[in-house]
Engineer: 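Questions regarding the structure given below will be posed in turn.
In the text below, chain A, chain B and the rest are named by the order of the sequence lines, each starting its count at 1. Given the structure is predicted, the values throughout are model-derived calculations rather than measurements.
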Amino acid sequence: MEYNHIEIEKKWQRFWKENRTYAVTEDPSKEKFYVLDMFPYPSGAGLHVGHPLGYIASDIVARYKRLKGYNVLHPMGYDSFGLPAEQYAIQTGQHPAITTEQNIQRYRTQLDRIGFSFDWEREVRTSEPSYYKWTQWIFKQLFNSWYNLDLDKAQPIHSLTQIFEKDGNLNIQAACEDIDTFSAAEWNSWDETQQEKVLLNYRLAYLADSWVNWCPALGTVLANDEVKEGVSERGGHPVEQKLMSQWSLRITAYADRLLEGLTQVDFSESLKEQQRNWIGKSKGASVRFTVNDHPLEIEVFTTRPDTIFGVSFMVLAPEHDYVDEITTTENVAAVREYQKATAARSERERQTEVKKVTGEFTGAFAIHPFSGKKIPIWISDYVLASYGTGAVMAVPAGDQRDWDFATHFNLEIPPIFENTDISESAYADKDASLVNSDFLNGLDHTTANEAAIKKIESNGIGAGKINYRLRDAIFSRQRYWGEPFPVYYEKGIPKLLSDDQWVTLPDVDAYLPTEEGEPPLARANKENWNVFQGDRMEYNTMPGWAGSSWYFLRYMDPHNQGDFASKEKMEYWNQVDLYVGGAEHAVGHLLYSRFWTKFLYDLGYISFDEPFKKLINQGMIQGRSNFVYRVKNSNQFVSFGKRKEYDTVRLHVDINLVKDDILDIENFKKWRPEFAEATFVLEDGRYVCGSEVEKMSKSKFNVQTPDLVCDEYGADALRLYEMFLGPLTDSKPWNTSGISGVTGFLKKLWRLFHNENSVFISSDAPSEDELKVLHRTIQKVESDILRFSFNTVVSNLMIAVNELTALKCNNASVLKDLTILLSPYAPHMAEELWSKLGMEGSVSSQSFPAVDEQFLVEDSFTYPVSFNGKMRFKIDLPSSLSKEEIETEVLAYGKTSNYLNGQDPKKVIVVPKRIINIVV
RNA sequence: GCGGAUGUGGUGGAAUUGGUAGACACGCUAGACUUAGGAUCUAGUGCCGUGAGGCGUGGGGGUUCGACUCCCUUCAUCCGCACCA
């Protein structure tokens, strides 16, 4: 009987839908398991075969866990706000919601064909008002909170104002902007506007003028993680620094907890390392240097307070506030010039010209806090305004950049390390003891560091300090297609809407900025807003990562109208047990959702402070591109082997026009009008294309869609093949020719249940051999799933089918268990076979078969016999033999003497059930 | 420059704690069958060699009875960060 994947897959997909097979509800009597995929942005291009890789793996785990009796939450949804739909809207005038809806429909069709066990009744879309209402609600909570460093947690803002009313801010330890102290009397004397301004410095969501990454091409600001190598991650447009009034989230308050939390979660080492680097914690001290003839103090941050006697100059960032004040008249022209030049350079130029040493002397001097020496103050763009205090104490003996600067400008390089050579470069290692360093002389790095900090503190010129690279996250985007803020303005002061009010995206006449450069929402008239208060509404929208920072919670209770999710349901489903997704979200999405989780935990809404217990990054599936070679300035194409005889240009060719690297010339001519008259230089009568493995993308014409694979081979084959390709976490090229291996396996499996015309299953008792195959397979399949080794599970299923075929097994009880083993991987065929076995209902509601150990023991073992570690022959021995008996048997064996050459063996190593090694 | 990961047949890959390197597939070779198919089955397939045998997990060295696996060193590729004081 033929195996017809089209019919079978349609049939069971309909069955699952009609029977709500994968719908799940909270059930306290069952242990829960939460398997989550990173939800996709529904792009216009649809899914290619790389996208489902992670979904298939997580689906297998979800199905396996169900068979093991867990109550499994396995939802899917869409991260449906985003730039592409908006860009399309700008070009065509079509509302992005329409484009988004169409794309979602396409995604859904594609996903449904692959046979996932998602509970679609829990679908969420970040662009749905019923969803982003709660994103706004979380923003309100952030706005209404401050971070109490004494308790190391976020607290409602009213607890702060109560303290202000009683004591001012004198005793407050808060994560906030640099702010002058004020008394209770002062606080109480201020009007509301003044109080609000002060409070903004404490709120976890705050409006402030900040230096932002402005991308003119996209017309919006970008967060640091959205900028790669000085250009925008999306589109690769230039990015410049601009001072703008923006909403920010005070993620820096959580820097240490985000770092600490990494020890609690099971993420890959490289991912944790990326987050650690991003947070960039460094320990050191802040020290204040007084400026000669000025009432100013310059604060610096250093990780090497032990090297303070090596300071021979100071460097400020060109943007530093004090530069204008301290620069002397003789130097002011050159300094201005330098500042201008720095400002004109883009972020990218600054990054690429790292090696060039530039700077200007301000003419001013600082006073060394211990030696009292006058040290010159310079400016240079190697000091970043955005890190630390924007100023450094330069220690050329110990820091290469300072050394380069000193050497370039002929500044002093005082030696402070014993027995080190600093004539060629700085000595940055921490293993030398100090000299020329007053009270630090003779001390090693660690001791000196402590001593220096102590002295700095006792002299009142600074303190030990921890610094972070992490910046607060800019939370405004000057775009249309994102969450609007629940904020209005009154006299320039931002105010929250009341608890029961929230904003829906207003209609606008165009999705572009206004002529005054205001964001698109500024185009909305008063009547376009569902809520309008104060002088105006907030025109910015939230960034793409807002909705994705908490979506895993909404899945737990997606239809809740009165709450972002009910406390009981969140308590039941709790953390995500397994999260599968791409590594590109390492520092963006994952850091933000960890931050929001900790925040919601602080306010008592949830009982866990890490969202994802375990995370797996699936590898990328690369495409295999094909190329044709066109002779320059002609319409002649040369076959791969002869291309070097001509001056050619390599062009991507659609892989659908190529089979086994041979070009379909007729269809190639029809592909594009300019190729209609093309001529070809062939080899062996054929046109051979070149090939290369590269990223799958439309522009490279190498995209493989899952739809096509499902049409030709079926969803089960697609699922099996994606897993069979290799370890989940590895990147690997997609190669369609290998898929015949898994279809062969499915057909072979099908034949176990059928003869030529019909189902052919025996109800006899299974044989010992059949049971051995079965139980060995159960054991292998289960242990491999548990270590996420999905490719070897497929191999083991293949081995089982090969062996059962050899045994001519058509035994119902063996095949029943085999079908359950198969069902997470090839659910459609498993359902079909399950019903052919005469069983009722869905195979997914069965129990995973248990291993019976008695079928795993073998009564004999084939020992490989090695001489000096080289395997020479094998010998079959009963498993029951002791080491000594095995040794006797082997030495008495005929072949052994051949390899001994008459010598006595020096030593015989016997590892039972492993190996015998004879040392000669 | 710093950090992380990875190097195994013609190809994708396997080898759970150091114990038969190359499972399972693709591809290839030869054959069988045939209602000619992208079907099925049989045998073979790491490299060199007719053979016995030798060599083999990027290279070099080491530990061990025994190393893809552990240690040192070196090279290559990919990814991330990059003037972070």
Side-chain angles (χ1 to χ4, degrees), chain A residues 2 228-229 268-278 280-282 284 300-304 307 315 317 350-351 353-357 380-384 386-395 398-402 404-405 467-470 583-584 586-587 617 619-620 659-660 712-713 721 724-727 729-745 747-748 751 780 783-784 786-787 789 791-799 802 805 862-874 905-911 913-920:
Chain A
E2 280 292 300
K228 297 269 146 86
E229 289 166 20
S268 76
E269 202 42 54
S270 84
L271 193 138
K272 287 197 272 193
E273 194 59 27
Q274 280 181 58
Q275 293 211 356
R276 281 188 209 112
N277 288 341
W278 192 259
K281 180 178 184 170
S282 47
V300 299
F301 174 74
T302 175
T303 55
R304 297 288 305 270
T307 64
V315 187
R350 266 177 96 154
Q351 284 185 8
E353 293 169 16
V354 161
K355 291 272 134 59
K356 241 162 114 186
V357 179
S380 172
D381 65 2
Y382 86 85
V383 176
L384 305 175
S386 59
Y387 183 75
T389 59
V392 301
M393 56 174 227
V395 184
D399 183 285
Q400 192 56 44
R401 291 152 308 168
D402 296 345
D404 291 340
F405 196 83
N467 204 34
Y468 297 93
R469 198 188 80 109
L470 183 72
E584 66 273 18
V587 290
N617 292 123
M620 219 195 328
K659 191 161 170 64
D660 298 332
E712 287 199 46
Y713 305 97
Y721 187 55
F724 188 58
L725 227 38
T729 50
D730 289 5
S731 282
K732 54 236 156 187
W734 181 261
N735 182 358
T736 325
S737 60
I739 206 163
S740 60
V742 295
T743 49
F745 159 72
K747 286 179 186 168
K748 211 164 171 181
R751 282 200 297 274
K780 288 290 286 177
S783 66
D784 284 359
L786 290 174
R787 63 190 179 101
S789 174
N791 54 329
T792 53
V793 173
V794 180
S795 301
N796 281 303
L797 290 171
M798 286 174 169
I799 293 169
N802 289 346
T805 303
T862 307
Y863 281 91
V865 182
S866 301
F867 291 80
N868 294 332
K870 274 273 169 213
M871 207 276 288
R872 295 300 178 182
F873 60 83
K874 290 175 185 176
K906 257 193 211 155
K907 199 173 177 185
V908 179
I909 289 127
V910 176
V911 185
K913 302 239 181 111
R914 288 278 186 208
I915 198 176
I916 298 163
N917 189 20
I918 298 169
V919 188
V920 187

Engineer: Now, which nucleotide makes the Watson-Crick or G-U wobble pair with B:A67, with each of the two distances under 3.5 Å?
Structural biologist: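 Looking at the geometry, B:A67 pairs with no nucleotide.
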Engineer: B:C55 and B:A5: how far apart are their C1' atoms, nearest whole angstrom?
Structural biologist: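 Straight-line distance between the two C1' atoms is 30 Å.
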Engineer: Report the residue (A:Gln274 or A:Tyr468) whose heavy-atom-nearest nucleotide on RNA chain B is the more 5′ of the two.
Structural biologist: A:Gln274
Engineer: Less than 3.5 Å apart, which donor and acceptor atoms pair up between the side chains of residues 913-920 of chain A and the rest of the protein, not counting sequence neighbours?
Structural biologist:
| residue | atom | partner | partner atom | Å |
| --- | --- | --- | --- | --- |
| A:Asn917 | OD1 | A:Gly869 | N | 3.0 |

Engineer: Less than 3.5 Å apart, any donor N or O on the side chain of A:Ser795 or A:Thr792 sitting next to an acceptor on the other?
Structural biologist: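 Looking only at side-chain atoms, A:Thr792 and A:Ser795 do not form any donor-acceptor pair under 3.5 Å.
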Engineer: Determine which nucleotide pairs with B:U20, using a 3.5 Å limit on both distances of a Watson-Crick or G-U wobble pair.
Structural biologist: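 Paired with no nucleotide.
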Engineer: Tell me if the centroids of the rings in A:Tyr721 and A:Trp734 come within less than 6.0 Å of each other.
Structural biologist: yes
Engineer: From CD of A:Glu269 over to P of B:U6, roughly how many Å is that when rounded to an integer?
Structural biologist: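 Atom-to-atom, A:Glu269 to B:U6, this comes out as 12 Å.
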Engineer: In whole angstrom, what separates A:Met620's CE from B:U6's P?
Structural biologist: 17 Å
Engineer: For A:Phe405, enumerate each residue passing the ring-ring contact (aromatic ring centres under 6.0 Å, His included) test, keeping only those at least two apart in sequence or located in another chain.
Structural biologist: A:Phe313, A:Trp378, A:Tyr382, A:Phe409
Engineer: In whole Å, what is the span from the NZ atom of A:Lys732 to the P atom of B:A5?
Structural biologist: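 In whole Å, B:A5 P and A:Lys732 NZ are 18 Å from each other.
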Engineer: So, do A:Ser737 and A:Ile739 sit near enough that their side-chain heavy atoms are less than 4.5 Å apart?
Structural biologist: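 Of all side-chain heavy-atom pairs linking A:Ile739 with A:Ser737, none is under 4.5 Å.
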Engineer: If you measure from the C1' atom in B:U69 to the same atom in B:A14, how many Å do you get, rounded?
Structural biologist: 14 Å
Engineer: State the pairing partner of B:A82; accept Watson-Crick or G-U wobble contacts with both distances under 3.5 Å, and report none otherwise.
Structural biologist: none
Engineer: Does the structure show a Watson-Crick or G-U wobble partner for B:G7, both distances under 3.5 Å? Name it, or say none.
Structural biologist: B:C75
Engineer: Find which nucleotide of RNA chain B each of A:Lys907 and A:Phe301 is nearest to by heavy atoms, and output the residue with the more 5' nucleotide.
Structural biologist: A:Lys907
Engineer: Using the C1' atom in both, what is the distance from B:C26 to B:U20, to the nearest Å?
Structural biologist: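 Nearest-Å result for B:C26 against B:U20 at atom C1': 25 Å.
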Engineer: Passes salt bridge (Lys or Arg N to Asp or Glu O under 4.0 Å), A:Arg276 versus A:Glu269? Steps please.
Structural biologist: CA-CA 10 Å; A:Arg276 281 188 209 112; A:Glu269 202 42 54; 3.4 Å; yes
Engineer: What interatomic distance, in whole Å, is found between P of B:G53 and the corresponding atom of B:C65?
Structural biologist: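 To the nearest whole Å, 26 Å.
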Engineer: For the C1' atoms, the ones on B:G27 and on B:A36, what distance do you get once it is rounded to whole angstrom?
Structural biologist: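 22 Å, rounded to whole Å.
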Engineer: In whole Å, what is the span from the CG atom of A:Asn277 to the C1' atom of B:G1?
Structural biologist: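 For the pair A:Asn277 CG and B:G1 C1', the rounded distance is 14 Å.
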Engineer: Any donor-acceptor pair under 3.5 Å linking the side chain of A:Gln275 with the backbone of A:Ala586?
Structural biologist: yes
Engineer: Expressed in angstrom and rounded to an integer, what is the separation of A:Lys272 atom NZ from B:C81 atom C1'?
Structural biologist: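 Rounded to the whole Å, the gap is 18 Å.
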Engineer: Rounded to whole Å, how long is the line connecting atom CZ of A:Arg401 with atom C1' of B:C2?
Structural biologist: 12 Å
Engineer: On a whole-Å scale, what distance lies between the P atoms belonging to B:G51 and B:G46?
Structural biologist: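 Taking atom P in both B:G51 and B:G46, they lie 13 Å apart.
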Engineer: With P as the reference atom in both, quote the distance from B:G22 to B:G44 in angstrom, rounded to an integer.
Structural biologist: 15 Å
Engineer: Angle class for the A:Tyr387/A:Phe301 ring planes (parallel below 30°, perpendicular above 60°, tilted otherwise)?
Structural biologist: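 A:Tyr387 and A:Phe301: perpendicular rings.
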Engineer: Select base, sugar-phosphate, or nothing to describe what A:Pro727 touches, counting heavy atoms under 4.0 Å on all strands.
Structural biologist: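 Sugar-phosphate, no base atom in range.
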Engineer: Quick one: A:Tyr382 OH to B:G1 P, roughly how many Å, whole number?
Structural biologist: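 One finds 21 Å between P of B:G1 and OH of A:Tyr382, rounded.
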Engineer: Kindly label the base of B:G9 as syn or anti, based on whether its glycosidic torsion lies within 90° of 0.
Structural biologist: syn
Engineer: I'd like the C1' distance from B:U6 over to B:G61, given in whole Å.
Structural biologist: 22 Å
Engineer: When you compare the side chain of A:Asn796 with that of A:Asp784, does any pair of heavy atoms fall below 4.5 Å?
Structural biologist: yes
Engineer: Using a 4.0 Å heavy-atom cut-off across all strands, classify A:Glu712 as base, sugar-phosphate, or nothing.
Structural biologist: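 Here A:Glu712 touches the bases of the nucleic acid.
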Engineer: Could you check whether A:Glu273 gets within reach of a base, just the sugar-phosphate, or nothing at all, counting any heavy atom under 4.0 Å?
Structural biologist: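 The answer is sugar-phosphate, as A:Glu273 gets under 4.0 Å only of primed atoms, P, OP1 or OP2.
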Engineer: Between P on B:C84 and CZ on A:Arg469, what's the gap in Å once rounded to a whole number?
Structural biologist: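 After rounding, the reported distance stands at 11 Å.
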Engineer: Is the phosphate of B:G4, meaning OP1 or OP2, less than 4.0 Å from a side-chain N or O of A:Ser268?
Structural biologist: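 No.
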Engineer: Only pairs with both distances under 3.5 Å count, Watson-Crick or wobble alike; so what is the partner of B:G27 in this structure?
Structural biologist: B:U45
Engineer: Each nucleotide in nucleotides 15-27 of chain B should get exactly one letter: B, S or -. Can you fill that in based on protein heavy atoms under 4.0 Å?
Structural biologist: SBB-BB--BBSS-
